[in-house]
Amino acid sequence: MAILDGNPLTPFPVNGLMPTEDTQASAFIKKYPEYDGRNTVVAVLDTGIDPMAENLQASILLCPRSSVSGIALVTTDGKPKIIDMIDCTGAGDVSMSKPKTAAVADNGTITVTGLSGRTLTLSKDWKNPSSEFRLGMKFLYDLLPSDGIRPTLVSERRKSFMKKHQAILDNVERELAKFNEEHPKESDLSEADQAKRDDIIARKKSLNELVKEYVDRGPVLDCISFHDGENWRAVVDTTTDGDLRDLPLMTDYSKEHQVTHLLKRFEFYYSVNFYDDGDVLSIVTVVGSHSTHVAGIIGAHDPNDSAMNGVAPGAQLISLKIGDNRVSSLETGPALTRASNAIIKHKADLANMSFGESAATPNHGFWVSLLKKYVIRTHRCIFVSSAGNEGPAFSTVGAPGGTTEDVIGVGAYVGHAQMEAEYALMEPVPETMFTWSSRGPSPVGYRGVDIYAPGSAITSYPRYTKQKYIRINGTSMSSPNLCGCLALLISGMKAKGLQYSPYSIRSAITNTSKPIGDPINVGFVQVDNAWSYLNKYGVPVESGPEKSLATAINDQDVAYKISITEGGISQVGGVYMRSLEECSFTQTRTVTITPKFLMDPDADYDVDVNGTNGQSQHLSELSFDKRIVIVTTQSWIKAPDFFHLNAKAKTFNMQVNPKDLEVGSLHYGEIRGFDSSNPDRGPLFTIPVTVLKPEVPGSSCAVTYNSDFYPGKIFRKFIQVPESATIAHIKITNYNSQESTPAAFYIFGNQIHPQRRHNYSSFRYRTGFSSGSSGSGEGLVEVKNFIIKVTGGMPLDLAVAQFWSEVGNHTLEVKVVFDGVSVLSASKSNNGESPIFIDGHSASSRLDLQSLIRRIPRASISAKLTTNRHHVFPKKVETSPLNERDVIPNGTRLYELVLTYQITATNPGAKVTLIFSPCDNYLYDSWFEGKMIQVYDANKKIIAAQTIYPKQIILPKKGDYTVHVQVRHSSMTELEKLRSSPLFVDTDLDKPLVLPIRPSFNRVFTNSGAKSDFSIEKGAIVPVFVSSLLQNPLPKDIKAGDLYIGNVSVLDNRYRDPNNFTLYWLAPANGGGIGATNEKEATVSSVASSSGDLKKLPEDSSSSTESKDELQELENKVNDLKIDTITKIKDEKVQKSIIDQLNKSLKKDSESYLRFLKQQMAVLDKNTQVDPLASSDGNEAKPNNGILNVEVAPELIKLAEKAIESASKADTHIPTKIKELGLKSQTPQVKEEIKKLEERQSIINTALVHKCRALVLLANSGKDATSSIASSSKSNIDLLEETLAKLKVSLGANSGDLPIHYIESALSQLKGQNGSALLQLNKWLASRPLNNSNKSRYNDVWDKRVDLLKALDWKCWVDYFNETKIFERPSSFRQF
C-alpha cells in the first residue's frame, strides 16, 4: 500500500492492464517490433465486435448525406483493423420485396410506400439505373443487445407513453368528479344521466384495462435497397420519419468498410451485407459486449498509449457474430457453419472462439467434423477456444475448446501483474490457475486444456455501455490472449518466410510452455521460447509441399490421432480410468497411432482427372517414415520401447497398473513418442494417462478429511459412492486456531456418466467462512451443510477450494456421509437415474422402499404430478435446398426440413415446454447442422424462439399456436427420417395433482389410512401403494392417455431436502381415474349456441321412413338439397325461385322448415361475425350477396320473428325441458329428443342475433322498424335493448361463438356511449381465445376498438395500436 509521505506515488502497474509480460509477448515485440501481428488475420467468433470501440475503430463512419465523419484507426502498418463484419446467425436478416417502381411527383419528389405503411421520401441523387427499389422492414428491438440499450429504451418509451395516458385518465377523472359534483344524489339521476355516468365510468375502466395490455414492441425500421450498377445499396430508416434523403447509403461492409449509427444517442452502430442477389439484406449489429473485449485483447491498437494495446496490435480482425439475438445470444449450428465459410473465404490465419457448451460425445458432431476437416486441416487455420469456466473439478471442460482434437483449448491463469493492475488486492496471493477455470481431462482422456494464458484484462468495450475499458475475466479472456500470442509468432513466421501450420504451432507452444504445477502437466504459454523452437525446427516456405511435388514432408505439419481400444470399443483421446473396477487391476489397452496430414486447400480431389492433385498428396505421405522411441513418465505405465510408423495407422499395446496407487487421488502420466533422429524437438505425440482412483468408504459409508487452506488452495478427493446411496451430506467445519479474514469457498463435484454432459450430475456451491474474524461475531467454529444428489456405484469427484483472491488461512474438516433410500419399482432398483412409471389404469402400483446403508428412524413419502405431456404430429412437412449462404465448406448445399405443428393453449398464460427429441440438447456433438423452433399465434405473431435447449415459454392467450421446427443437414436422406417426428408438449398444471399413497393394497380401496411418517430398518423393504383412485377427476383439458410427470419424494427427516425420483404416470383411458364415471355419458351436453349450419333432423320421430311414400321421400331429399344450397347460389333470380318453391312445399311445423328459415336469414345476413355498423358500407342492397344492408333489414326481422315463433312453438322454454330430460335415463330416444331441442334452441339464438343486427342498422340509419314487428310502437333502440336482453337470457352463461359483443358495442355507440362500447370490446378481446377459426373476427374486433379510440380522441392509444398492428398481425411467419 502506498502512503503519501512527500515521496512520489508508486506508478500505476500499466503492464498488468493487458498482461503480456508473463507470456513473454511484450519482450518479443521489443525484440521484433515488426512481428506485432501485422500480416495476420484473426477471425473472432463471438457476439460481434463494436466497430467504433476504443482502439478497434476500423471503419468509415457515415453520417447524413453519406459524408465521412471520420476515418477510423488502423493497424500498426496502416491496414483496416476490421476487414469484415458478418452476422452469421441470420437474426439481422431482412427479406426484401420484389422490385417496385417509386412514384415521382410534379415537383420531382420521389416516394414509395414502405412496408411499415409510412411514405418514404427518396433522394434524387441516388444512382439507380433501373429505377426499381426493394422494400423490407425490421423491428429495432430485434437488432439490439439485451444488456443496456433495450431495457433503457423500453423504460423511457413506457414513461413517455404513460405520461400521455395519464393525461387522458386525468381528464376522465375530472369529468367524473364534475358530474358527481353536479349530481350529488345518485338516487335522483334520470335514466339519461345514469347512462352518462355509466359511460364515464366505463371510459375509466377501459383505460385501466388498456394499460394492462401495453407492451412496447419498439419502432419499426423501413429498409430500401437498389442496385447502383456495381453494388447493392441500402438505406435503413433509423429516424422512423420516412425521410431517407439524408440517410447514408450502405453496401457490403467488406467492400467499403462503412458503418453508421443505428441509435446515435447510444453510440450504437450497424453495417450491412447482401445475400442471394439482393433478396436478403443483413443488418449487422452486436448482440452483446463480450466480443469487443475479446477483440481488444487480441488486437487493440492505441498509437498514443501502448499500454492499451492488445497482445498483437498489428493484427487484422474479422467479426463473425455467432450469438443469435433470437435465442439470448446462444450460438447456433447455422452460425457456426457460416462462420467457417467466412474464415475460409478471408483466409484467416487464426480464429478465436470464446464460446462453448458442454458436450455428451467429445470430438463428434456435424460442425466439429467440418471444423477439423476443412477449417483446420485443409485451410490451415489455427483454431483457439476457451476451455470453460466450470472448474475446479476435473473433467469440466467444454466444447469445442476442451473436447476437440486439433482445437487449442486454453485455461485461465492469473499472475502478479494482473493482480496488481486489475484486482485491487490488499495482500499479495500466489500466482495460480483461476479457481473457476475448467480442468481436464476430457471424458475420453484428452488433456482438455492444452495451454494456460492470462485469463483477465482491462481493454476495449462497446461504446453503448458508456465504458471505454473494462476488466473481465474468464477463459473467454485467456483464449484471445493466447490467440494474440500466436498472431505474433505467425507474423514473424510470415516475415521470415517460414512454413507453419496448426500442428506446428501447437507443438511449439506446448513443448516450450512454463510449468505451473498443473495436475495433468499443462503449462503456461511462453512466446519467446516458442519462437526459438519454431526457428530451430522451421522449414522455409519454398521447400514446402505446396510448391512442388515434394519428396519430403515437414514433420511439424503432421499431427497424430490417438485411439484407445478397450473391449472392442475404440475412442479417440487418451487413457482415462475412473471406475473402481478398472482401478483395481492391471489394465491393457490397444493404442492406434494415425498420422494426420494437412490437405492442399487449392486442390480439388473430387475433380482430379489426371491425378495431379492426388499425386502431390500421395508423394507427401509416401515420404513419411518414422522410427520412434517410446518413453513413459511413470513406473505404473508400460509400453514398448520402440515403434515404427509410416503414413498408415499402426498399433501397440500398453499397460496401466493402478493397484498400488494412492486411493482418492489423481495420478497422471504420459506415453511420449520421440523421433529417434531428432529427440530434442520433443515428442511427436503424447498419450495422456489419467487415473482417478476412488476411495471406498468404510462400513459407515462416510469419510472425513482435514485440510489447511490458503488463497487458491484446492482440496480434492475421489470417492466411490456406495451402490445404494442416493444423496451425500457434505458437512464442512471451519476450525480456525486464530483470527482470520473471511474467505469465499467453492464446493464442487461431479460424476461422469457415459455420453452425458459433464454438468448432467454436477453440483457447485459458493459459500463463505468468517470464523475468527470480525465478520463472525462469535466463536472460532463454523459449520456449513450441503445435500447433493448422487448416483450409487459411481465415483464422485469432490473439490473444495478457497477462492484464489480470498486472503487468509483456514483449517477445514470435510465430512461426506452417504445416505438415501432406493425405490424398487417392478423389481428394478431406482437410484434416481431410471424414472418410476405408473400405469393409471391399475388401481394401485406398489413401490418398495429400502435403505441398505443405515436405519432411517423417520421418513415420509409423497407423490405429485406437476406437468402434462402430450404429443402432436406434424400437420405439414416441407424440405427444400437453402440459399447461397448455406453450404458446407466443400460447396455442398444444405437442406432444411420444416415441420409445422399445431398446439392449443386452453388457458391464458399457459406455461409450456416444447421437446423435439431427435435434436434437443445437442450442439457441438449434434448429428445435424442446425435446429430451431419458432412459435407463432394464430395471427402469425412471433411468440418465442428456441434452439437446442428446451425452455419454458408462456403462451399469452388462450387459443391456437403454430410451431415451426427447422432442422438443417447436408443430406436430404437424413432429414427425411424426421418427417413423422412428434413434438412433445409439456404443460404445467395449474396446481399439482396429488396421488394418494396408502400403506396397504386394501386401503387403496377403502380410501383410508394415508401413509404417515414411518421408519425404514437397514436392509428391510417397506412397501407403499400409490393409488390411481383420484379423489377428483382429471382436469377436463387433459386428454385420456396423456402422460403426467412429477416426482415421488421420500423425505428422511434428518435432512432438509428430500430424495426426489422422477415419476411418469399414464392417465387412464376414461380420463377420470379407476372407477370414475364416464364423463362423456354422465354429462349433459350444454345448450347449443353455434351459428353454424344446423344438421338435418328426422322429419317426425314418431313415424317410420319405411311408411312414407317413395315419391314423398324423394321430394324431401330434393328439398333438403335445395335448403343446403340456397346461400351458395349467386344468381338472384334462381335463388328467389328456389325460396318461393320451398315456401310452398315445406310443412311449417317441420324441422326442415326451421332449417329453411335459418338459411333465408343467412342469405340476407351471411356473415354475422362482422360489425353490423360496418357491414353495409359501400355495398348495394342485393339480397343474395349475404351482406346485411339497411334495405333488407325489415325483411330479416320478419324472418327472425317467424323462426323464433316456429322453433319455440312446441316448448315455451327449451333450456328447462333439456334440463328435465337430462335427469332421465339416457336412452337413445331421450338423447335424440335432447339433440332436437338443442338445435331448435340454436335456431332461436341465431334468429335473435339476426334480429339484433337488423335493428342496429335501422337505428343507425334512422329508419323505423315498427313496421316489421307486430304490435310495437317502441323506438329502434328500445327494441334492440329488448331483443338483446332476450338473447342473453336465451344464451344463458355461454354465448358460444355468437357475436353479441358487436351488438352490445353497437347499442352503446347508438346511445352515444363510446366508453361503454369500448369496455365491451375490451372484455371480449381479453376473454376470447385467438384461434385459427376466429382470427378474422378477432381482428375485426381489434380494428373496431381502434375506431372507438379514434372516436374518443385518445390519440396515444390510437397511435399505439396502429404501430403495434404490424407486429401483432404480420403478413407472414418470421423466417428462420
Side-chain angles (χ1 to χ4, degrees), residues 393-394 577-586 636 657-667 691-709 714-735 747-753 761-763 765 781 783-800 811-824 829-833 849-859 1015-1021 1050 1052-1057 1059:
F394 291 124
M577 297 165 54
R578 295 173 60 97
S579 74
L580 181 63
E581 177 69 21
E582 63 185 352
C583 290
S584 301
F585 305 97
T586 299
W636 42 271
N657 181 4
K659 291 188 293 184
D660 296 330
L661 298 179
E662 180 185 356
V663 298
S665 301
L666 176 139
H667 305 274
V691 177
L692 284 174
K693 187 172 182 179
E695 175 182 355
V696 180
S699 58
S700 64
C701 293
V703 289
T704 302
Y705 310 102
N706 289 280
S707 180
D708 293 327
F709 285 83
I714 303 174
F715 171 80
R716 304 179 183 275
K717 279 298 174 181
F718 204 58
I719 310 164
Q720 182 71 13
V721 178
E723 192 70 39
S724 57
T726 57
I727 63 168
H729 172 211
I730 301 175
K731 179 181 179 182
I732 302 181
T733 306
N734 181 18
Y735 294 104
I747 295 90
F748 197 115
N750 66 352
Q751 292 182 284
I752 300 298
H753 295 250
S761 60
S762 65
F763 62 91
Y765 299 102
V781 176
V783 178
K784 298 291 177 73
N785 290 283
F786 307 92
I787 303 293
I788 63 170
K789 183 178 178 180
V790 295
T791 300
M794 296 184 68
L796 169 68
D797 178 10
L798 175 66
V800 179
T811 300
L812 301 185
E813 178 188 83
V814 180
K815 185 174 184 178
V816 183
V817 179
F818 294 101
D819 218 324
V821 177
S822 296
V823 178
L824 309 176
S829 176
N830 186 297
N831 59 7
E833 295 303 310
L849 311 180
Q850 187 179 42
S851 174
L852 295 175
I853 295 178
R854 59 179 54 82
R855 179 180 184 272
I856 299 177
R858 186 180 171 208
S1015 62
I1016 303 177
E1017 300 298 326
K1018 181 180 179 180
I1021 291 178
V1050 182
D1052 182 340
N1053 288 332
R1054 294 171 299 169
Y1055 304 119
R1056 181 181 66 250
D1057 300 320
N1059 286 267

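One-based numbering along the sequence shown.
The structure places OG of Ser665 at 8.5 Å from CD of Glu695, a figure rounded to the nearest 0.5 Å. One distance of note links OG1 of Thr791 with CD of Glu723; it measures 10.5 Å at 0.5 Å rounding. For the atom pair Phe709 CZ and Ile714 CD1, the distance stands at 9.5 Å (nearest 0.5 Å). Here CD1 of Ile732 is found 13.5 Å from NZ of Lys815. Values are rounded to the nearest 0.5 Å. Once rounded to the nearest 0.5 Å, the distance linking CG of Leu661 with CG of Leu666 reads 10.0 Å. Between the NZ atom of Lys731 and the OG1 atom of Thr704 there is a distance of 9.5 Å, given to the nearest 0.5 Å.
Of all the heavy atoms in Ile730 and Ile788, the pair that sits closest is CD1-CD1, 3.9 Å. Minimum interatomic distance between Phe818 and Gln720 (heavy atoms only, all atoms of both residues): CE1-O, 4.4 Å. The minimum heavy-atom distance linking Pro658 with Met577 is given by the pair CG-CE, 3.6 Å. Taking all atoms of both residues into account, the shortest heavy-atom contact from Phe718 to Leu692 is CE2-O, 2.7 Å. Residues Val721 and Gln751 approach most closely at CG2-NE2, 3.5 Å, considering heavy atoms. Of all non-hydrogen atoms in Gly820 and Ser851, the two that sit nearest each other are O-OG, 3.6 Å.
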key: side chain to side chain contact (heavy atoms under 4.5 Å, CB included) between His667 and Glu662, intermediate numbers included   = CA-CA 8 Å; His667 305 274; Glu662 180 185 356; 3.9 Å; yes
key: Step-by-step side chain to side chain contact (heavy atoms under 4.5 Å, CB included) determination, Ile856 to Arg1054   = CA-CA 9 Å; Ile856 299 177; Arg1054 294 171 299 169; 4.1 Å; yes
task = Step by step, work out the side chain to side chain contact (heavy atoms under 4.5 Å, CB included) result for Ile853 and Ser724.
result = CA-CA 7 Å; Ile853 295 178; Ser724 57; 3.6 Å; yes
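Between Leu812 and Phe715 there is no side-chain heavy-atom pair separated by less than 4.5 Å. Using a 4.5 Å cut-off on side-chain heavy atoms (C-beta onward), Ile752 and Arg578 make contact. Put simply, the side chain of Ile727 reaches to within 4.5 Å of the side chain of Asn1059, judged on heavy atoms. When side chains are defined from C-beta on, Ser822 does not count as touching Leu852, because their heavy atoms never get closer than 4.5 Å. Residues Val817 and Arg854 form a side-chain contact, since some pair of their non-hydrogen atoms from C-beta on lies under 4.5 Å apart. Inter-residue side-chain proximity for Phe763 and Val790 is flagged as unmet; no heavy-atom pair is nearer than 4.5 Å. A 4.5 Å side-chain heavy-atom check between Val823 and Leu849 finds at least one atom pair inside the cut-off. The side-chain heavy atoms of Val814 and Ser707, taken from C-beta on, include no pair separated by under 4.5 Å.
A salt bridge is absent between Asp797 and Arg716; no separation between the charged side-chain nitrogens and carboxylate oxygens falls under 4.0 Å.
Residues satisfying the ring pair (Phe, Tyr, Trp, His ring centres under 6.0 Å) test with Tyr1055, not counting sequence neighbours, are His729.
Judged purely by atom type and a 3.5 angstrom limit, Asn657 uses its side chain to pair as donor or acceptor with the backbone of Lys659.
Within a 6.0 Å sphere centred on NZ of Lys784, other residues, nucleotides and ligands contribute more than 12 heavy atoms.
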